[in-house]
Novice: 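If you scroll down you'll find the structure; I have some questions about it.
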Amino acid sequence: MINEFSTPTRTIMTPGPVEAYPSVLRVMGTPILGQFDPAFLKIMQEVKEMIKVPFQTKNEEAFAIDGTSRSGLEAALIALIEPGDKILIPAYGRFAYLLGEIAERAKAEVIFLEKDWDSAFEQEKVIKAIQEHQPKIVAMIHGETANGQMQPLDKIGAYCREHDLFFVVYTVATYGGVEIKVDDWKIDIAIAGSQKCLSVPAGLSLITYNNRVKEVIEKRYQLELGLSKKIRNTRHISSNYLDLSQIQRYWSEQPINHHTEATSMIYALHEGLRVLINEGIESSYARHILNDQAINAGIEAMGLKIYGDMDTKMPTVTPIMIPQGIDGENVREMLLNEFGVEIASSFGPLKGKVWRIGNMGYSSRKENVLHVLGAFEAVLLYQGAKIQSGKAVQSALEVYLK
Ligand SMILES: *Cc1c(COP(=O)(O)O)cnc(C)c1O
């Protein structure tokens with residue numbers, strides 16, 4: 001006999017996945033509906049409208065794609081890219097290279113604009129590179145969780161629109177927790193995910209795009225052979241599963257048959273969006289900023305250093321320099337084993353150099369912040385780090401109670 005598994009209690013303060021809202025977990029136990037059941041189609045149409053709210057867009061198209069955030073990213077890029085197209089990717093952290101990797105596989109001509117990871121780009125620098133390289137597409141990350149930096153986008157978007165380029169932005173780590181203005185910033189496609197500030201389990205990607213993009217996608221529409229032999233297209237999108245021309249129709253009021261919708265995940269998404277919208281996106285942004293201030297105050301009061309430019313730091317991630325002589329992984333392990341607290345390490349040049357404390361969605365709560373700071377201080381002291389003791393939680397309390 002195999003026993004049912006049991007899970008330990010955790011405080012998850014990573015940049016994703018984060019703790020799910022209790023009501024999200026509850027609705028996932030709702031009985032299954034067939035994917036074309038009118039009761040389910042109604043839920044899908046509500047989800048479609050709700051997805052637009054944190055994106056701050058009036059776009060007609062907004063829907064979910066089955067798969068984690070990168071599935072939406074890949075769907076977006078392969079819908080726009082045709083072989084030989086030039087794409088400019090300004091890179092100020094790890095995830096820009098994922099965009100490049102996907103674009104390269106789609107046979108684009110990829111141009112990276114690179115810089116150190118300790119700050120975002122000055123928008124003028126990106127605009128200069130656009131003028132120099134004349135790409136068809138500019139693709140960027142809004143919040144680089146690997147190094148905790150966030151990119152201002154409004155001027156780049158305005159420039160792209162003026163010159164009829166496509167502007168694609170991956171907003172996975174900011175959606176719902178930080179302001180995103182898809183329409184005002186002239187973003188043509190924005191992509192997010194479920195497991196960060198929405199506090200829904202991993203497994204869905206969210207996407208919205210405007211009519212400029214829709215026009216391109218419509219020109220590439222091909223229906224599956226098994227449904228019709230007539231709708232063939234020499235410019236078809238190279239993936240079937242991630243074909244936006246079909247998925248867009250799947251989410252329309254007259255859905256075509258494509259994949260089997262992950263109905264229980266759509267229940268979860270509906271609930272995550274509902275909770276966020278009822279809280280109010282402005283209130284959610286303010287909550288993330290307040291908790292970020294408390295985390296930063298606590299970290300600095302210990303005498304630890306926060307990595308990177310504070311002016312462009314994401315409110316949803318705090319990267320902390322690991323002090324000399326301390327083994328970052330030992331600290332993380334002890335936090336997990338003794339306190340049930342999970343924080344993250346980092347990647348690439350920052351691997352072994354910084355820890356990352358996430359501050360996202362349902363995990364972004366006062367009691368989590370205070371617990372993580374108290375545990376962090378205790379573990380650092382236990383491991384012999386030379387820090388100011390007794391100050392971290394007090395400094396955070398001052399932020400909350402001032
Ligand atoms: C969390 C995160 C991802 C994760 O993508 P998944 O496909 O959902 O695993 C990717 N990029 C960034 C910037 C992230 O913060």
Side-chain angles (χ1 to χ4, degrees), residues 12-20 24 51 54-55 63-78 89-103 105 112 115 117-121 139-153 168-178 180 187 189-207 239 241-242 262 265 268-269 272 288 292 307-308 312-319 342-351 354-364:
I12 308 182
M13 293 297 272
T14 66
V18 303
E19 297 168 27
V24 164
I51 287 174
F55 277 135
F63 47 84
I65 295 171
D66 295 357
T68 64
S69 325
R70 75 168 65 192
S71 69
L73 178 65
E74 185 151 353
L77 290 173
I78 65 175
I89 303 175
Y92 61 99
R94 173 209 163 172
F95 288 102
Y97 296 93
L98 171 62
L99 272 56
E101 159 95 22
I102 294 170
R105 287 171 189 245
F112 286 112
K115 70 176 296 306
W117 288 15
D118 59 357
S119 64
F121 281 96
M140 290 200 84
I141 311 278
H142 185 214
E144 270 280 5
T145 30
N147 44 326
Q149 288 290 310
M150 189 163 77
Q151 176 65 48
L153 298 165
V168 179
V169 181
Y170 197 28
T171 60
V172 52
T174 46
Y175 182 84
V178 182
I180 301 167
I187 297 171
I189 311 187
I191 308 105
S194 56
Q195 79 272 30
K196 309 236 170 171
C197 299
L198 268 189
S199 282
V200 167
L204 288 178
S205 176
L206 316 176
I207 191 167
S239 166
Y241 192 70
L242 296 178
M265 280 302 296
L269 177 60
H288 284 83
D292 181 53
Y307 174 85
T312 43
K313 190 184 99 57
M314 300 169 75
T316 48
V317 185
T318 297
E342 188 186 2
I343 66 165
S345 53
S346 194
F347 314 98
L350 298 184
K351 193 170 188 297
V354 309
W355 293 293
R356 295 176 302 150
I357 295 183
N359 171 44
M360 292 178 168
Y362 181 58
S363 282
S364 177

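Read the numbers this way: they start at 1 and go in the same order the structure lists the ligands and their atoms. Values reported hereafter were calculated over all heavy atoms of this structure, with side chains retained and with hydrogens, waters and symmetry mates removed. Note that the structure is a prediction, hence the values are computed from the model and not measured.
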Novice: The criterion is side chain to side chain contact (heavy atoms under 4.5 Å, CB included); which residues satisfy it with Ser194, sequence neighbours excluded?
Specialist: Val200, Leu204, Met265

Novice: Can you sort out the partners of Val172 under side chain to side chain contact (heavy atoms under 4.5 Å, CB included), two or more places apart, ordered by chain and number?
Specialist: Ser69, Tyr170, Lys196

Novice: Could you name the protein residues that come within less than 4.0 Å of ligand 1, counting only heavy atoms, and order them by chain and residue number?
Specialist: Thr68, Ser69, Arg70, Phe95, Gly143, Thr145, Tyr170, Val172, Ala173, Gln195, Lys196

Novice: Could you verify whether a donor N or O on one side chain and an acceptor N or O on the other, from Thr318 and Lys313, lie under 3.5 Å apart?
Specialist: yes

Novice: So, using side-chain hydrogen bond (donor to acceptor under 3.5 Å, both in side chains) as the criterion, who are the partners of Gln149 when residues are at least two apart?
Specialist: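 Testing Gln149 for side-chain hydrogen bond (donor to acceptor under 3.5 Å, both in side chains), a comparison that skips the adjacent residues, returns Thr312.
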
Novice: Indicate the atoms forming the closest heavy-atom contact of Ala96 with Glu144, along with that distance.
Specialist: N-OE2, 3.0 Å

Novice: Which word best sums up how the rings of Tyr97 and Phe112 line up, parallel for under 30°, tilted for 30 to 60°, or perpendicular for over 60°?
Specialist: tilted

